2 protein chains.
Amino acid sequence: MLHEDVVGRIRTILLDGEIPPGARIPERELCERLGISRTPLREALKVLAAEGLVQLLPHRGSRAAKLTDKDMRDLFEVCQGLEALAGELACERITDAEIDEIAAAHAAMVQHYRDGDLIQYYRGNRAIHEAIVNAAGNPVLAGLYTSVTARIRRARYVTPMTPQRWALAVKEHEAILNALQRRDGTGLSHILRAHLRHKREEVLQAGFAETEGNDLTLRIA
Amino acid sequence: MLHEDVVGRIRTILLDGEIPPGARIPERELCERLGISRTPLREALKVLAAEGLVQLLPHRGSRAAKLTDKDMRDLFEVCQGLEALAGELACERITDAEIDEIAAAHAAMVQHYRDGDLIQYYRGNRAIHEAIVNAAGNPVLAGLYTSVTARIRRARYVTPMTPQRWALAVKEHEAILNALQRRDGTGLSHILRAHLRHKREEVLQAGFAETEGNDLTLRIA
DNA sequence: GCGCTCCAATTTGAATGCAAAATTGTAGGA
DNA sequence: TCCTACAATTTTGCATTCAAATTGGAGCGC
């Protein structure tokens with residue numbers, strides 16, 4: 001197994017909440033499970049610690065990072081900035097074909113909205129945001145975006161929505177697609193920021209910080 | 001020696017160009033020099049690889065990352081976005097005392113400009129940019145900024161300047177301080193972007209990508 | 001009965017050793 | 001003379017081993 005794979009598998013375990021935020025990461029157990037020894041596992045944990053997904057306590061082991069309200073706010077704030085930048089750049093560089101793909105993804109997402117399928121809606125939603133970021137044609141930006149969104153994914157894509165908020169989100173996505181089709185970078189950037197600001201408010205108002213005993217996965221249902 | 005120290009020391013070695021971009025990183029040699037064994041060194045290298053400072057080639061060792069023109073452009077682009085965001089947030093959150101500190105740093109920097117001391121000018125310049133980012137009160141943002149700027153530091157703060165460009169940069173910094181004092185977030189964000197865009201143009205026009213045999217350190221003089 | 005101290009056991013962090021892969025140097029042939 | 005194939009050497013990546021630090025608990029004193 002390659003080093004990057006080890007990092008990826010542990011990342012998945014953490015993002016799935018299999019090891020809940022704040023919980024100790026059992027080195028020996030993970031080693032057995034992944035079929036590797038402690039050396040490569042520890043290398044991966046250090047990398048994930050640098051990413052902010054793991055917290056390292058000297059001589060006391062590693063824990064899955066737990067996000068406070070402040071952390072969540074900070075991450076959303078940065079995410080807004082990154083998406084806004086991506087939106088501007090995307091409008092300059094995106095191809096017509098890519099716009100069409102995003103339009104198709106948007107239509108599919110709206111259908112999931114009409115079906116009331118939140119899970120599929122979120123999946124499509126995420127794909128659109130990622131497509132915009134990728135259309136910016138800046139791998140550095142895309143990398144940071146991936147890293148930042150990974151940390152808030154559970155809060156962002158697991159929050160239940162009220163009908164009003166959901167309707168607003170869909171409306172905002174109409175505007176996003178529209179700005180993209182008009183290649184209105186400034187406009188897109190503003191809409192994306194508002195869109196994310198609303199999302200952040202939802203998440204924070206719902207008290208979705210990863211505090212003790214707040215199992216996000218349960219709330220999907 | 002603590003893990004983080006190992007990472008920091010290697011980072012310094014790389015940023016100082018002691019191991020030039022593209023060069024192989026001699027594991028054994030570095031181990032002796034730092035007085036550690038290969039295990040912690042390799043852990044540090046993996047972290048630095050995740051940061052983008054080191055390139056890891058499976059079964060072929062690690063090299064100091066070499067930036068192409070495209071990499072440089074991408075990094076500057078992201079840096080612009082981060083500073084613009086930081087500027088906006090800073091205007092909302094900065095204290096009067098912090099503004100005074102930045103004003104003092106600005107005055108000192110202008111004096112270095114008058115003295116024609118580029119090294120000291122760059123040092124003060126960097127301190128101001130960092131102070132603005134810190135005033136944003138967002139550790140996540142500050143962390144990303146540190147990581148991104150580290151990668152372009154050599155190009156950003158080693159480029160020689162023409163008198164015209166230098167004068168323009170100082171003028172822009174006047175505007176930056178002014179916007180900050182007026183707490184004009186939007187204005188500051190625009191100035192910062194323009195300021196960095198100009199810097200990026202300087203760097204790229206000077207052909208400062210880290211291509212073969214382009215020893216940036218020599219150009220300080 | 002409660003709390004402190006000291007010791008054992010577990011766990012972390014680092015060094016060493018070993019197998020696999022890549023690089024290099026060399027010899028043989030065209 | 002140059003290219004190719006092969007072997008020796010070096011280097012990487014990982015497992016194991018060892019020392020140091022922490023945690024938990026038993027025993028002792030208050």
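Computation of the quantities below employed the complete heavy-atom set of this structure, encompassing side-chain atoms and omitting hydrogens, waters and symmetry-equivalent molecules. Below, read A as the first sequence line, B as the second, and so on, with proteins coming before strands; counting in each chain starts at 1. From a predicted model like this one, the values you see are computed outputs, not experimental measurements.
Distance, B/Asp5 CG to C/dA14 C1': 15 Å, rounded to whole Å. For the pair B/Ile36 CD1 and C/dT16 P, the computed distance is 12 Å after rounding to whole Å. One can place CG of B/Leu34 at 15 Å from C1' of C/dA15, the figure rounded to the nearest angstrom. Whole-Å rounding puts the A/Ile25 CD1 to C/dG13 P distance at 12 Å. Atom NZ in A/Lys46 sits roughly 9 Å away from atom C1' in C/dA14 (whole-Å rounding).
Atom OG1 of B/Thr146 is separated from atom CZ of B/Arg11 by 9.0 Å, given to the nearest 0.5 angstrom. Rounded to the nearest 0.5 Å, atoms CD (B/Glu51) and CG (B/Leu45) are 11.5 Å apart.
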Go through the steps for B/Leu82 and B/Leu141 under the test side-chain contact (heavy atoms from CB on, under 4.5 Å), then give the verdict. CA-CA 7 Å; B/Leu82 294 178; B/Leu141 175 58; 3.6 Å; yes
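Nucleotides of DNA chain D lying under 4.0 Å from heavy atoms of chain A occupy a range whose first and last members, 5' to 3', are D/dC14 to D/dT23.
When the nucleotides C/dA14, C/dG17, C/dT11 are ranked by their closest atom to the side chain of B/Arg38, C/dG17 comes out on top. Taking every side-chain heavy atom of A/Arg42 into account, C/dG13 is the closest of C/dT11, C/dT16, C/dG13.
Note on A/Leu57: only backbone sugar-phosphate atoms sit closer than 4.0 angstrom, heavy atoms only; bases stay farther off.
Summary of the strand contacts: B/His59 and A/Gly61 both lie near DNA chain C, and taking for each the nucleotide with the nearest heavy atom, the more 5' one is attributed to A/Gly61. Each of A/Thr39 and A/Arg60 was assigned the nucleotide of DNA chain D with the nearest heavy atom; the assignment lying further toward the 5' end belongs to A/Thr39. Along DNA chain C, the nucleotide nearest B/Pro58 and the nucleotide nearest A/Arg24 are compared for position; the residue whose nucleotide lies closer to the 5' end is A/Arg24. Sequence order on DNA chain D of the closest nucleotides to A/Gly35 and B/Ser62 puts B/Ser62 first from the 5' end.
Under the 3.5 Å distance criterion, the side-chain polar atoms of B/Arg183 are matched with a main-chain donor or acceptor of B/Ile94. Here the side chain of A/Tyr122 pairs a donor or acceptor atom with the backbone of A/Thr159 at under 3.5 angstrom.
Counting only residues at least two apart or in different chains, side chain to side chain donor-acceptor pair (under 3.5 Å) contacts with residues 21-38 of chain B comprise B/Glu18-B/Arg33, B/Glu27-B/Arg38, B/Glu27-B/Arg42.
Between A/Lys46 and A/Glu43 there is no salt bridge, since no side-chain nitrogen of the basic residue lies less than 4.0 Å from a carboxylate oxygen of the acidic one.
Under 4.0 angstrom from either OP1 or OP2 of C/dA15 there lies at least one side-chain N or O belonging to B/Ser37.
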